[in-house]
Amino acid sequence: MLLDVKDLSVDFQTAEGVLSAVKSVSFHIDRGETLAVVGESGCGKSVLALSLCRLHNEPPARVHGEAVLIDGENVLTAGPDRLRDIRGKRVAYIFQDPQVSLNPVMRVGDQIAEALLVHNPALTREAALQKAIEGLRQVKIAEPEKRVTEYPHQLSGGMRQRVMIAMAMVLQPALLVADEPTTALDVSVQRQILDLIDEKKREHSLAVLFITHDLSLVYERADRLMVMYLGRVVEAGDTATVMKQPHHPYTKALLQSIPSLTAEPGKAFYSLAGEVPNPMARPKGCAFQNRCAYAVDHCREKEPPLEPFPDGRLVACFEVKRVVAS
């Protein structure tokens, strides 16, 4: 097991009070495995991902729990110097928005080379730039020798995203946290990048935490699936098992929202009504109750625990039997 997260929570101190963005989340990722995390915007996916290396400003953030173990080392108790060693070298990130993640006043090649030089002090700048060129070539950027001399604003959105991916992969991390890594890419390049990540999984037993809204990619690429709603895990398990027969109403609604090419002409697509509640006003009981077709009085009184099922999945719902039967 490469990553083992135990009872992790992330709170933010705000002017209105404490905002609980992630609440008692536990999961693991083995070497060579991809875990996909899905859910609507505002469910805590990116906050969870950033907390794995404590990338939030503390304060106002408070990252706490039993443990976040990377190869047995607890990130929650690691000091600043050790965290700098872990970030990039052990755990690398592909952030969602390269426009704000890349330094606008540094050349692309220098930004990639900087990561190499920080973690490999014996490496020369010329050797680091050569590795940067090779990294850009691997993510299918044309004329990489030219691109390393350019600034982020000189590149298209898709090329900037590929620079981010090259920067993450160049140090050959043990864990890759990919937060919507292909959002700005066209379909053909998207497949090339995902194939590259899969290739690194096979070659180096790379573990991947894959955050996405694209459930078709989840089915195609992820070994296991974790569904989050308002900062909690509501269903988790083997990808095929969960997607073929979801046990939580929210998982079922997400899958029903996928457009189908075989749908009846003229028939309206399914859309989940309502929106994710404000974390500052978390409802009593199940957070999904106001949007759920299966909610009963008990759901409004108590928060359902995340419980194991015979097929290996975990589900937080009192009405699983009705969900499965419908």
Side-chain angles (χ1 to χ4, degrees), residues 4-12 17-29 35-49 51 64-68 209 211 213 215 218 222 224-257 270-326:
D4 189 12
V5 177
K6 300 179 180 181
D7 198 30
L8 179 66
S9 295
V10 184
D11 304 323
F12 293 90
V18 177
L19 186 154
S20 180
V22 172
K23 187 177 179 183
S24 301
V25 169
S26 299
F27 65 94
H28 73 276
I29 307 178
L35 172 68
V37 183
V38 303
E40 295 166 282
S41 297
C43 284
K45 305 183 301 299
S46 295
V47 172
L48 173 67
S51 69
H64 58 103
E66 182 180 341
V68 175
L209 180 68
I211 299 172
H213 292 284
L215 292 175
V218 171
R224 290 187 295 113
L225 169 63
M226 187 166 78
V227 184
M228 291 187 68
Y229 189 77
L230 199 62
R232 284 195 71 208
V233 177
V234 296
E235 185 164 5
D238 175 78
T239 298
T241 301
V242 172
M243 294 187 74
K244 287 178 180 178
Q245 190 175 51
H247 282 20
H248 194 281
Y250 183 55
T251 310
K252 187 171 186 175
L254 290 177
L255 292 170
Q256 287 176 330
S257 300
Y270 174 84
S271 178
L272 176 59
E275 58 186 23
V276 180
N278 184 343
M280 298 292 292
R282 185 181 294 270
K284 181 182 178 182
C286 178
F288 190 60
Q289 59 181 270
N290 293 333
R291 307 173 72 188
C292 181
Y294 304 89
V296 295
D297 289 343
H298 190 56
C299 302
R300 299 177 179 88
E301 298 168 359
K302 185 178 179 181
E303 189 172 43
L306 191 64
E307 296 184 323
F309 278 70
D311 60 7
R313 80 175 83 202
L314 300 170
V315 186
C317 180
F318 292 124
E319 298 297 312
V320 170
K321 289 182 179 180
R322 289 175 58 211
V323 176
V324 174
S326 64

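For the single chain, residues carry numbers from 1 onward in sequence order.
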Heavy-atom side-chain proximity of [X] to [Y] below 4.5 angstrom:
{"X": "C317", "Y": "P249", "answer": "yes"}
{"X": "F318", "Y": "C286", "answer": "no"}
{"X": "V233", "Y": "L314", "answer": "no"}
{"X": "V227", "Y": "Y250", "answer": "yes"}
{"X": "Y294", "Y": "S326", "answer": "yes"}
{"X": "E40", "Y": "L272", "answer": "yes"}
{"X": "R224", "Y": "H28", "answer": "yes"}
{"X": "M228", "Y": "V47", "answer": "no"}

Please check if the side chain of [X] supplies one atom and the backbone of [Y] the other of a donor-acceptor pair under 3.5 Å.
{"X": "H247", "Y": "V323", "result": "no"}
{"X": "S9", "Y": "G65", "result": "no"}
{"X": "R282", "Y": "S20", "result": "yes"}
{"X": "S26", "Y": "D7", "result": "yes"}
{"X": "E235", "Y": "H248", "result": "yes"}

Can you see which heavy atom on [X] is nearest to which on [Y], and at what distance?
{"X": "A295", "Y": "R300", "value": "CB-NH2, 3.9 Å"}
{"X": "A287", "Y": "P277", "value": "O-CG, 3.8 Å"}
{"X": "V242", "Y": "A236", "value": "CG2-C, 4.2 Å"}
{"X": "C299", "Y": "E319", "value": "SG-CG, 4.4 Å"}
{"X": "T239", "Y": "A222", "value": "OG1-O, 3.0 Å"}
{"X": "G39", "Y": "L254", "value": "CA-CD1, 4.4 Å"}

Intermediate values then yes/no, side chain to side chain contact (heavy atoms under 4.5 Å, CB included), M226 and L48: CA-CA 12 Å; M226 187 166 78; L48 173 67; 3.8 Å; yes
For R291 and V276: C-alpha separation, side-chain torsions, deciding distance, then whether side chain to side chain contact (heavy atoms under 4.5 Å, CB included) applies. CA-CA 9 Å; R291 307 173 72 188; V276 180; 3.9 Å; yes
Residue pair M243, L255: steps toward the side chain to side chain contact (heavy atoms under 4.5 Å, CB included) verdict: CA-CA 7 Å; M243 294 187 74; L255 292 170; 3.5 Å; yes
Rounded distance [0.5 Å steps], [atom1] in [X] versus [atom2] in [Y]:
{"X": "H64", "Y": "S51", "atom1": "NE2", "atom2": "OG", "result": "10.5 Å"}
{"X": "T241", "Y": "L225", "atom1": "OG1", "atom2": "CG", "result": "10.5 Å"}
{"X": "Q289", "Y": "E303", "atom1": "CD", "atom2": "CD", "result": "10.5 Å"}
{"X": "Q256", "Y": "T251", "atom1": "CD", "atom2": "OG1", "result": "11.0 Å"}

Given L35 and F27, is the side chain to side chain contact (heavy atoms under 4.5 Å, CB included) satisfied, shown in steps? CA-CA 9 Å; L35 172 68; F27 65 94; 3.5 Å; yes
Is it the case that more than 12 heavy atoms not belonging to E301 sit under 6.0 Å from its CD atom?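 Yes.
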